[in-house]
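Notes for the one structure printed next.
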Amino acid sequence: MHVLVAGGGGFIGSHLVDVLLARGDSVVVVDNFLTGRRSNIAHLDGHSGFALIEHDITTPLPATITDGTTFDAVLDLASPASPRDFANLPLEILAVGSTGTRALLELCRVHGARFFLASTSEVYGDPLVHPQPETYWGNVSCIGPRSCYDEAKRFSEALTMAYHRTHGVDVRIVRIFNTYGERMPPDDGRVANSFVLQALQGEPITLHGDGRQTRSFCHVADEVAGLVSVLDGPHLGPFNVGNPDELTMAELAALVVELTGSASPIVTVELPPEREGDPAQRRPDITLVRDAYGWAPSITLRDGLARMVAWFRDVEGIG
Ligand code: NAD
């Protein structure tokens, strides 16, 4: 397949690109490196199946993309995704989830390509149903600090379905739940990487509130395998793709201390303003994707975190 990956210079996108190249696809990454890092794809320089086009997809796509070889699939992973980005890049997030996604859908219409949207568990907002199945419509504030991201992704999903219904574009939608692992930026404020960074630097590990809020974390290798099964499969979705194993943030902090051998104390702090509206619980119901494709995560949090700790130490040079 000839594949365009928007956001392929990012954390999840770069792992996905590796998997697609490894199976013989040719891949064009389009990324403006707003939140991604060149180092994520530096190892692909000179790969015969790989090309990088540095471009902001909220501005008209260059002729190298629109008039080049027809794409079989276009994957939309281009969006800032961390709570820190919600505070610093709200307009960029809204633009990429609307104008950017539309540009990629339009490309699919013209090329007859399959469109793949990386949506998010955030479409469920602060969920009143637990765990969240795809049939749950969510509990989302349209004006809160997270609204730029939640509503942009909900709009992207709506736009995707409108292109499907109006123009017959072949589409796939996945809702990604918290993903962690190698190449995650250490300092973007997400919880797993923040704890590892604090532990490796010997800083206090800061639990927000009482630390009893829960999350479930999927290692990026598992996550990408799930994304590829949805990309290749016959069903539109949306599919939840994430790890249903849930733990409290206090348990996560303790596990990070154990794995790093850190002397960092675990302290509790007030919820910072940008975390207002943080869901208290988040856990995917993955029945649909498991039944359709036999996908389920296989990497334990202990093993996955150990890989991330090693990456932060050996590649990022932390601690
Ligand atoms: P990331 O920030 O590492 O990757 C996003 C990439 O998109 C970056 O390389 C960034 O530079 C690029 N980008 C942003 N705006 C762009 C624009 N206008 N034009 C071109 N490129 C642009 O984030 P990630 O964690 O890898 O997330 C990838 C996708 O998965 C996002 O769509 C995100 O919403 C979704 N997602 C991620 C998680 C998670 O836990 N990491 C959870 C749910 C959903």
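When a ligand or atom number is given, it counts from 1 through the structure's own listing order.
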I want to confirm something. Looking only at heavy atoms, which of [options] is nearest to [atom]?
atom: atom 5 (C) of ligand 1; options: Ala78, Gly36, Ser79, Gly13; answer: Ser79
atom: atom 25 (O) of ligand 1; options: Arg190, Arg37, Met184; answer: Arg190
atom: atom 44 (C) of ligand 1; options: Ala118, Gly242, Ala81, Ser119; answer: Ser119
atom: atom 38 (C) of ligand 1; options: Thr99, Val220, Val241, Ile176; answer: Ile176

[X]: numbered ligand 1 atoms lying under 4.0 Å from its heavy atoms:
X: Phe33; result: 11 (O)
X: Asn32; result: 11 (O), 13 (N), 14 (C), 15 (N), 16 (C), 17 (C), 18 (N), 19 (N), 20 (C), 21 (N), 22 (C)
X: Gly9; result: 9 (O)

* Taking the six-membered ring of Tyr180 (Phe, Tyr or Trp), confirm whether the NZ or CZ of Arg190 is under 6.0 Å from its centre and within 45° of its axis. =>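 No, a cation-pi geometry is absent between Arg190 and Tyr180.
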* Asked: Under 4.0 angstrom from ligand 1, any heavy atom of His55?
  ->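 Contact check His55 vs ligand 1: positive.
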* Asked: Does ligand 1 have any atom sitting under 4.0 Å from a heavy atom of Ala6?
  ->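 The answer is no, since Ala6 has no heavy atom less than 4.0 Å from ligand 1.
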Geometry only, no angles: is [X] polar-contacting ligand 1 at N/O separations under 3.5 Å?
X: Asp56; answer: yes
X: Thr35; answer: yes
X: Ile12; answer: yes
X: Asn178; answer: no

To the nearest 0.1 Å, how far is [atom] from its closest protein heavy atom, and which atom is that?
atom: atom 36 (N) of ligand 1; result: Tyr149 OH, 3.7 Å
atom: atom 4 (O) of ligand 1; result: Gly10 CA, 3.4 Å
atom: atom 32 (O) of ligand 1; result: Lys153 NZ, 2.8 Å
atom: atom 31 (C) of ligand 1; result: Leu77 O, 3.3 Å
atom: atom 40 (O) of ligand 1; result: Thr179 N, 2.9 Å
atom: atom 9 (O) of ligand 1; result: Asp31 OD2, 2.6 Å
atom: atom 19 (N) of ligand 1; result: Ile57 N, 3.0 Å

* Any idea which heavy atoms bring Ala199 and Thr260 closest together, and the distance? ->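 Closest heavy-atom pair between Ala199 and Thr260: CB-OG1, 3.5 Å.
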* What closest approach, in Å, do Pro284 and Asn240 show between heavy atoms, and which atom pair accounts for it? ->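 Answer, listing the atom of Pro284 first, then Asn240: CB-CB, 4.2 Å.
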Just heavy atoms, cut-off under 4.0 Å: does [X] contact ligand 1 by side chain, backbone, both, or neither?
X: Phe11; result: both
X: Val96; result: side chain
X: Tyr180; result: neither
X: Pro185; result: neither

* Glu157/Arg154 ion pair, N-O < 4.0 Å ->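 No salt bridge links Glu157 with Arg154.
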* Asked: If you measure from the Lys or Arg side-chain nitrogens to the Asp or Glu carboxylate oxygens, is any gap between Arg84 and Asp188 under 4.0 Å?
  ->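 So Arg84 does not pair with Asp188 through a salt bridge.
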* So among Gln132, Arg175, Arg282, which one has a side-chain hydrogen bond (donor to acceptor under 3.5 Å, both in side chains) with Ser121? ->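 So, applying the side-chain hydrogen bond (donor to acceptor under 3.5 Å, both in side chains) to Ser121 and each of Gln132, Arg175, Arg282, only Arg282 qualifies.
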* Asked: Any chance the side chains of Asp85 and Ser82 put a donor and an acceptor closer than 3.5 Å?
  ->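 Yes, because at least one side-chain N or O of Asp85 sits under 3.5 Å from a partner of the opposite role on Ser82.
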* Asked: Is there a donor-acceptor contact under 3.5 Å linking the side chains of Asp303 and His219?
  ->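 No donor-acceptor contact under 3.5 Å links the two side chains.
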* Give the intermediate values and the outcome of side-chain contact (heavy atoms from CB on, under 4.5 Å) for residues Asp232 and Arg23. => CA-CA 12 Å; Asp232 290 344; Arg23 73 179 192 178; 2.6 Å; yes
* Could you walk me through whether Lys153 and Glu122 pass the salt bridge (Lys or Arg N to Asp or Glu O under 4.0 Å) check? -> CA-CA 8 Å; Lys153 287 292 186 182; Glu122 297 284 341; over 6 Å; no
* To do: Identify which one of Leu200, Val257, Leu207 satisfies the side-chain contact (heavy atoms from CB on, under 4.5 Å) criterion when paired with Phe195.
  =>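 Answer after filtering Leu200, Val257, Leu207: Leu207.
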* To do: Please identify each residue that fulfils side-chain contact (heavy atoms from CB on, under 4.5 Å) with Val230, with sequence neighbours left out.
  =>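 Val230 satisfies side-chain contact (heavy atoms from CB on, under 4.5 Å) with Phe116, Arg172, Val174, Phe239, Val241, Val289, Tyr293 only.
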* Name the orientation class of the two ring planes belonging to Phe11 and His15 (parallel below 30°, tilted from 30 to 60°, perpendicular beyond 60°). =>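 Perpendicular, since the angle between the ring planes exceeds 60°.
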* About how many Å separate CD1 of Ile205 and CD of Gln198, when rounded to the nearest 0.5 Å? ->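 One finds 6.0 Å between CD of Gln198 and CD1 of Ile205.
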